Amino acid sequence: MKRSWVEISRSRLAANYRAVRGLAGGSEVCAVVKADAYGHGAVEVSRAVCAEGARWLAVSGAEEGVALRRAGLVSPRILVMADSVALSGAAMAEHRLTPAIHDIGEIADWARIGGGQPYHLKIDSGMGRLGSRSGAAAIARAVAAGGAASFEGLMTHFASAADYAGSQTGEQIEAFEEMRSALPFAPRYLHLEATTAFAYRRCAGAGVMATMVRPGHAIYGYVSPVRVRAGETPPANRLHVLPALSWKASLLAVKDVEAGARVGYGAMYAADKPMRIGIVAAGYADGVPHRLGNRGRVIAGGEFAPILGAVSMDVTTIDLTRAPSLRPGDAVTIIGEVGACVQDAQQVARMAGTISYSVLCGIGPRVERVWVD
């Protein structure tokens, strides 16, 4: 009996990638597989999208890219988005990884270490995180000194792509376009959009001719909803994908308790009537958000079953009143669909007061990954 496991669908990953590619038209698709592919398993996800024709992958640090190379993924280009030449330049050069450079001072370093291998330059267009804030003239001098032929891509990242009520994304697009037009070089790849901006066609709507998109969340089956001003109609999501991961766990115990019985740490729950409860073999050490205590739910026996009391490190207690026939060893579903009951990572995140990215990335290493077709 498995305690807790996720099932990841290769066919859904493939279908999601095809949906992205179809919407991208002629733009290159760089599938983001950082953070172990958002908890799905970077090697297998990379193999699945490369089988569909993906030529680019994106990771956070060089060590993630090296792991993909050592797993046999020798053909795709791999963009390293959140590392530095000073920290990892030698590894990136050795394993043919493409750095996203954030400081123009590192362009000369990469020219020396990388031996002419290409790089992408990220500008900080207004997010205030990674990215160069240098002016166009300084960037042009650094690019020329480092060998302009190696300057392959210009990129940025949006801070508020889902916020249609604010002006930040429009301001970032304008800043990027000003930089692009001021540079005397025309890199092959221009990329601004991750999943949300891409799904709602923010750059296309602004007339920006990007030549690469960087979907992450979409590959795994999610597009975040957008926020608009009161009374306004939200834009259409042009990208239709389905979650590739479901999360299940076994019941360790089933028991009947009397009215007034206290459940879990801190006696956060007290039964208001005689009831049947189940102890699920997954807790916050496995990635069940602690804040789901007394507010979350799972799917048990084809019915929604509320979480009772605090989520513990290793187990979670649920109400089996509507599924009294379940026994130890039976499985419940934390993320997934059973009959008419559907619960995805976005719904779990809303109940926990967090974001779906955190829910997916938080599924721990002791939760077994099982690949299905």
Side-chain angles (χ1 to χ4, degrees), residues 1-8 34-42 45 60 216-217 220-222 224 243-255 257 261-271 275-301 303-323 326 328-338 341-370:
M1 178 184 76
K2 293 184 177 69
R3 285 179 52 89
S4 180
W5 68 99
V6 295
E7 295 177 355
I8 306 159
K34 64 180 181 178
D36 201 26
Y38 295 30
H40 291 65
V45 168
S60 178
H217 219 26
Y220 311 108
Y222 293 91
S224 298
L245 175 150
S246 61
W247 184 6
K248 301 177 182 180
S250 296
L251 286 170
L252 292 174
V254 174
K255 61 178 69 176
V257 298
R262 297 171 181 175
V263 176
Y265 284 115
M268 283 177 55
Y269 182 83
M275 62 192 306
R276 176 159 291 186
I277 64 174
I279 315 303
V280 180
Y284 62 76
D286 303 288
V288 180
H290 186 263
R291 292 190 65 189
L292 289 183
N294 274 347
R295 68 172 72 180
R297 65 188 186 184
V298 303
I299 304 171
E303 304 283 350
F304 285 119
I307 291 174
L308 305 178
V311 175
S312 299
M313 181 182 290
D314 306 305
V315 299
T316 300
T317 304
I318 62 172
D319 180 359
L320 288 179
T321 301
R322 300 183 66 186
L326 292 186
D330 289 339
V332 302
T333 298
I334 301 168
I335 293 174
E337 50 190 276
V338 181
C341 292
V342 179
Q343 178 159 277
D344 63 23
Q346 289 179 332
Q347 292 167 304
V348 172
R350 282 193 291 270
M351 288 184 281
T354 185
I355 57 175
S356 52
Y357 299 79
S358 178
V359 171
L360 292 171
C361 291
I363 300 174
R366 71 182 187 183
V367 178
E368 184 179 351
R369 271 61 175 175
V370 177

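The model shown is predicted, which means the values in this text are computed figures rather than measured ones. Values below: all heavy atoms of this structure, side chains included; hydrogens, waters and symmetry mates excluded.
Remark: side-chain polar atoms of Arg369 are paired, donor with acceptor, to backbone N or O of Gly39 under 3.5 angstrom. Not one N or O on the side chain of Gln343 forms a donor-acceptor pair closer than 3.5 Å with the backbone of Ile299. When atom types are taken as modelled, the side chain of Thr333 and the backbone of Lys248 share no donor-acceptor pair closer than 3.5 angstrom. When atom types are taken as modelled, the side chain of Asp319 and the backbone of Thr321 share a donor-acceptor pair closer than 3.5 angstrom. Between the side chain of Asp286 and the main chain of Val367, no donor-acceptor pair closer than 3.5 Å is present.
In this structure the side chain of Tyr222 reaches within 4.5 angstrom of the side chain of Leu360, judged on heavy atoms. When side chains are defined from C-beta on, Arg366 counts as touching Asp314, because their heavy atoms get closer than 4.5 Å. Inter-residue side-chain proximity for Tyr284 and Pro289 is flagged as unmet; no heavy-atom pair is nearer than 4.5 Å. Leu251 places a side-chain heavy atom less than 4.5 Å from the side chain of Val332. When side chains are defined from C-beta on, Ile277 counts as touching Lys255, because their heavy atoms get closer than 4.5 Å. Two residues are said to be in side-chain contact when any heavy atoms from C-beta on lie closer than 4.5 Å; Val311 and Thr317 fail this criterion. For the pair Pro243 and Glu337, the minimum side-chain heavy-atom distance is 4.5 Å or more. Counting heavy atoms from C-beta outward, Ser246 and Glu7 have side chains that approach closer than 4.5 Å.
Atoms CZ and CZ, on Arg297 and Phe304 in that order, are 3.5 Å from each other to the nearest 0.5 Å. Atoms CD1 and CE, on Ile307 and Met351 in that order, are 7.5 Å from each other to the nearest 0.5 Å. A distance of 10.5 Å separates OG in Ser358 from CD1 in Ile363, rounded to the nearest 0.5 Å. Going from atom CG of Leu320 over to atom CD of Glu303 covers 11.5 Å, rounded to the nearest 0.5 Å.
Between Arg350 and Asp344 there is no salt bridge, since no side-chain nitrogen of the basic residue lies less than 4.0 Å from a carboxylate oxygen of the acidic one.
The side chain to side chain contact (heavy atoms under 4.5 Å, CB included) with Val359 is formed by just one residue from the set Ile334, Thr354, Leu292; it is Thr354.
Minimum heavy-atom separation, Tyr269 to Gly309: CB-N, 3.5 Å. The two residues Gly301 and Ala323 have their closest heavy-atom pair at CA-CB, 4.2 Å. When all heavy atoms of Ala331 and Trp5 are compared, the pair lying nearest together is CB-CH2, 3.8 Å. Scanning all heavy atoms of the two residues, the minimum distance from Ser60 to Lys34 falls at N-CB, 3.5 Å. For the pair Ala305 and Ala300, the tightest heavy-atom approach, listed with the atom from each and the gap, is CB-CB, 3.9 Å. In terms of heavy atoms, Ala282 sits closest to Ala249 at CB-CB, 4.0 Å.
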_Under the criterion side chain to side chain contact (heavy atoms under 4.5 Å, CB included), I'd like the reasoning laid out for Met268 against Leu308: C-alpha separation, chi angles, the key distance, then a yes or no._
CA-CA 8 Å; Met268 283 177 55; Leu308 305 178; over 6 Å; no

_Show, in sequence, the C-alpha distance, side-chain angles and deciding distance for Val280 and Leu252, and conclude whether the side chain to side chain contact (heavy atoms under 4.5 Å, CB included) test is met._
CA-CA 6 Å; Val280 180; Leu252 292 174; over 6 Å; no

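No hydrogens or angles considered: a donor-acceptor pair under 3.5 Å links the side chains of His217 and Ser356. A donor-acceptor contact under 3.5 angstrom links the side chains of Trp247 and Ser4, judged on distance only.
Within a 6.0 Å sphere centred on CZ of Arg262, other residues, nucleotides and ligands contribute 12 heavy atoms or fewer.
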